[in-house]
Number of protein chains: 2
Amino acid sequence: MEEPGGSERGRAGKPARRHVVAAAVRLFDGAGYEATTMDGIAAASGVSRRSLFRHFGSKEDILFAEHDELFETVTRYLEATPGDDPAATVCAAARMVFQAYVDVPEITVPRYRLVRAVPRLRDREIAMTARYQGAFSRYLARGETTGPRVLAGEALAASVIAAHNHVLRSWLHDPDQPVPWARFDRAMEFVTRSLGAMLRSSGQTAAAGESPRDTVLVAVYPSSTGGTDVLRRVSEALGEGPG
Amino acid sequence: MEEPGGSERGRAGKPARRHVVAAAVRLFDGAGYEATTMDGIAAASGVSRRSLFRHFGSKEDILFAEHDELFETVTRYLEATPGDDPAATVCAAARMVFQAYVDVPEITVPRYRLVRAVPRLRDREIAMTARYQGAFSRYLARGETTGPRVLAGEALAASVIAAHNHVLRSWLHDPDQPVPWARFDRAMEFVTRSLGAMLRSSGQTAAAGESPRDTVLVAVYPSSTGGTDVLRRVSEALGEGPG
DNA sequence: CATAATTAGGCACGCAGTGCCAAAACGAAG
DNA sequence: CTTCGTTTTGGCACTGCGTGCCTAATTATG
């Protein structure tokens, strides 16, 4: 029964944890999530049932244990990064999450299968991504609790999460394909392009005065603005920026 | 012949359902969610424990029962609405959800308190909104399963949900205030303005050919595009549209 | 080696959720 | 009103998650 420090030596930290997670994933994958009991996981991993609950709290949490650690890493990253370019920072954070997924396909791929099959786990996964979204929103709001900037931040956070999930899902469907980093970056650029500019000056014209020269140009006008007026404003904006 | 999880049975005219929900909310509010047992709800509402599970499936589902009905209403609305202006349709659907919330504050307000206090219920609420987001994404994708339009649709759906939640939360904090319909519509306009146009022709030039005359004009170009080239393209796009 | 502190294991309990079967309400003939 | 078939409801027992409590093992410390 007792096998202390014998078989699987992962790396520094807690190898026992990983060992339990691997055993649980194997059982879930084989017999199904609902059919696998905590007693079964305890027997397969060599840990007592009581200790399982002590360390992971619940059956679901065994699957999402390292996801929690990742979330803490990301939040620490956000706290440590000054808000020079909040949109870019949030995209970088999303990139960290994406990287963490593709780094351990032996965990994330079977988990994805389970998440799609079991509604309870699906809700749990969604709740996890919602936590990221909340952290992103808070970072983008930068202390403000009201005003249009908050809305813009929440919309951008939601879009960044959506874009992340979009690319991640496509990779999870085909984990043998090369990791689509380019598609990921393009997706991030897509959402940043439209909503990121709104963050700076929320609402009317985003290009005038502070056009981002090495990324893109975004021009937004109310429909009430006449066509010639739009053309004039674009011309002005381009006149200030470089060619 | 019982249906596990199938929570819709009586369509209209089931006062017993509402009665049970009201009793449960009262108990949750008084003694806390965890401390309230199904036996207690059964005793307080006058139905047997077994029938509680039969009709609602789980303890959580008692709180979110009518939320499920609302979701079906919304999906039916989407299915019945042709995709003339998908972004506007999705915003209208979000408006239906918002309306359903503010229509029954005696349910939604105490539920909001519970959701904020109990992590389990919070996850459930998030999962509910995710279902809406999925339905919106599917509607915006219009059958396509790949390509940039899908990404744009998912980002827009996520933003619409975020905007909806943003305004809804502010009202839930102060339900005695008048319902902020204007703020809701402005929030929807905000996210539609930036991402909605992307939906039509995703990525490069959004205005050419089918400029939305009664909403907004959004023009997006890569930074590599020369300024004069941008000006020329905008001019072309405006030449086709109205002045 | 002795002792205090931390950690794991064993045990029992509460409660959500389910399957099964019996009792009751319902509805349509006769 | 009675009788039969259907549908709904209630009662009971059972599985399994999650927890509190206590004891045993392990480790740290003097």
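Just so it is clear, the structure is predicted and the values come from calculations on it, not from any experiment.
- Taking atom CG of residue A:Leu63 and atom P of nucleotide D:dC17, one finds them 13 Å apart after rounding to whole Å.
- A donor and an acceptor atom never sit less than 3.5 Å apart when one is taken from the side chain of B:Arg54 and the other from the base of C:dG17.
- Taking atom CE of residue A:Met38 and atom P of nucleotide D:dG18, one finds them 6 Å apart after rounding to whole Å.
- In terms of phosphate contacts, B:Ser48 brings a side-chain nitrogen or oxygen within less than 4.0 Å of OP1 or OP2 of D:dG10.
- Checked for salt-bridge contact, B:Arg17 and B:Glu66 miss the test: no charged N lies under 4.0 Å from a carboxylate O.
- Counting to the nearest Å, the P atom of C:dG17 and the OH atom of A:Tyr33 are 13 Å from each other.
- When rounded to the nearest whole Å, the span between CG of A:Leu27 and P of D:dG16 equals 14 Å.
- Taking only distance into account, the side chain of B:Arg49 meets the base of C:dG17 through a donor-acceptor pair shorter than 3.5 Å.
- Under the 4.0 Å criterion applied to side-chain N and carboxylate O atoms, B:Arg131 and A:Asp123 are not assigned as salt-bridge partners.
- A sub-4.0 Å separation between OP1 or OP2 of C:dG9 and a side-chain N or O of A:Ser51 is present.
- Contact annotation: side chain of A:Arg50 to base of D:dG20, donor-acceptor pair present below 3.5 Å.
- Under the 4.5 Å side-chain criterion, counting only non-hydrogen atoms from C-beta, A:Phe71 is in contact with A:Thr75.
- Contact check on B:Glu154 versus B:Arg149 returns no salt bridge, with no Lys/Arg side-chain nitrogen under 4.0 Å from an Asp/Glu carboxylate oxygen.
- Taking only side-chain nitrogens and oxygens, B:His55 comes nearer than 4.0 Å to OP1 or OP2 of D:dT9.
- Proximity of B:Thr37 to the phosphate of C:dC15: no side-chain N or O atom is located under 4.0 Å from OP1 or OP2.
- For B:Asp39 and C:dC13, the CG to P distance is 18 Å, given to the nearest whole Å.
- Rounding to whole angstrom units, NZ of residue B:Lys59 and P of C:dG14 are separated by 16 Å.
- Atom CZ in A:Arg17 sits about 13 Å away from atom P in C:dT7, given to the nearest Å.
- Atom-to-atom, CG of B:Leu52 to P of C:dT18 comes out at 13 Å; the value is rounded to the nearest Å.
- Comparing D:dC17, C:dG9, C:dA8 by their closest approach to the side chain of A:Phe53 singles out D:dC17.
- Ring-centre distance between B:His164 and B:Phe136: not below the 6.0 Å cut-off.
- Along DNA chain D, the nucleotide nearest to B:Val47 and the one nearest to B:Arg120 differ in position, and the one closer to the 5' end is contacted by B:Val47.
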